[in-house]
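Side chains are part of it too, since the values below use all heavy atoms of this structure and drop only hydrogens, waters and symmetry mates.
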Amino acid sequence: MSGPETVDRVLMTAAVVFVVVAGALLLFRISRGPSMLDRAIALDVAAAVIIAGLGAKSAFARDSFYFPIMLVLAFLGFTGSVGIARFIAVRDKPLSRRKAAGKEGQR
């Protein structure tokens, strides 16, 4: 192997190791997260780790097949995190503000 090929292989291996370590830490955060918001953020980061893994695989194989899949996963991760954030924001609103919002909607 030449010098650039060796550097490529070392960098690809390092990228895969970092993705695997991030995935392991992410599973720990999802299982042991102290709050629902921590778990929601961990699921959002899971989408980013999956995208990074697909990017590393795509770079290793020198194939652009996974780029549209990565784009769709990024969109789904974003919309999922926004939906979870809205759900948590409504759930964590004080009761008096929820009742006032409900009365305004009935008018």
Side-chain angles (χ1 to χ4, degrees):
M1 271 198 270
S2 67
E5 289 176 359
T6 304
V7 171
D8 280 350
R9 179 146 327 256
V10 168
L11 289 177
M12 296 288 183
T13 304
V16 170
V17 167
F18 283 133
V19 168
V20 169
V21 169
L25 292 172
L26 193 62
L27 289 175
F28 177 75
R29 175 52 60 197
I30 290 172
S31 66
R32 301 278 310 238
S35 71
M36 180 68 171
L37 187 58
D38 288 329
R39 289 184 174 100
I41 291 171
L43 286 174
D44 187 37
V45 173
V49 168
I50 291 170
I51 292 168
L54 284 174
K57 179 176 176 26
S58 180
F60 185 73
R62 298 186 192 277
D63 186 17
S64 62
F65 174 75
Y66 294 103
F67 290 159
I69 297 169
M70 292 165 52
L71 185 66
V72 169
L73 283 174
F75 177 72
L76 290 175
F78 171 74
T79 55
S81 64
V82 168
I84 290 172
R86 288 181 60 102
F87 170 74
I88 291 173
V90 168
R91 188 191 67 167
D92 290 345
K93 247 187 216 179
L95 187 58
S96 61
R97 292 182 79 191
R98 273 191 254 167
K99 286 182 180 179
K103 290 179 182 176
E104 289 176 9
Q106 291 176 355
R107 290 182 190 176

Report task. Only counting residues at least two apart or in another chain, list the ones meeting side chain to side chain donor-acceptor pair (under 3.5 Å) with Thr6. Result -> none
Query raised in the report: How close do Ala56 and Ala15 get, heavy atom to heavy atom, and via which atoms?
Result: CB-CB, 4.5 Å
Report task. Could you list all the salt bridge (charged side-chain N to carboxylate O under 4.0 Å, His left out) pairs where at least one residue sits in residues 7-27, not counting sequence neighbours? Result -> Asp8-Arg62
Report summary line: Members sharing Met12's hydrophobic cluster, built from side-chain contacts under 4.5 Å between Ile, Leu, Val, Met, Phe, Trp and Tyr, are Phe60
Query raised in the report: Taking a hydrophobic cluster as the set of Ile, Leu, Val, Met, Phe, Trp and Tyr residues connected by side-chain heavy atoms closer than 4.5 Å, whether directly or through intermediates, do Phe75 and Leu71 fall within one such cluster?
Result: no
Query raised in the report: For Arg86, what residues pass the salt bridge (charged side-chain N to carboxylate O under 4.0 Å, His left out) criterion, not counting sequence neighbours?
Result: none
Query - Joint hydrophobic cluster, Val20 plus Ile30, side-chain heavy atoms closer than 4.5 Å - result: no
Query - side-chain hydrogen bond (donor to acceptor under 3.5 Å, both in side chains) contacts in which one or both residues fall within residues 18-33, not counting sequence neighbours - result: none
**Report entry** Whichever hydrophobic residues join Val21 through chains of side-chain contacts under 4.5 Å
**Finding:** Val17, Leu25
Requested in this report: Output the rest of the hydrophobic cluster of Phe78: all Ile, Leu, Val, Met, Phe, Trp and Tyr residues reachable through side-chain heavy-atom contacts under 4.5 Å, sorted by chain and number.
Outcome: Val82
Query raised in the report: Quick one: salt bridge (charged side-chain N to carboxylate O under 4.0 Å, His left out) partners of Asp44, sequence neighbours excluded?
Result: none
Requested in this report: Please identify each residue that fulfils side-chain contact (heavy atoms from CB on, under 4.5 Å) with Ser2, with sequence neighbours left out.
Outcome: Pro4, Glu5
Report summary line: Sorted by chain and number, sequence neighbours left out, side-chain contact (heavy atoms from CB on, under 4.5 Å) with Val49 holds for Val19, Ala22, Leu26, Val45
Report task. State yes or no: do Leu11 and Val16 share one hydrophobic cluster built from I, L, V, M, F, W and Y residues joined by side-chain heavy-atom distances below 4.5 Å, directly or via other members? Result -> no
Query raised in the report: Which ILVMFWY residues are connected to Phe67, directly or by a chain of links, through side-chain heavy atoms under 4.5 Å apart?
Result: Ile50, Ile51, Leu54, Phe65, Tyr66, Ile69, Met70, Leu73
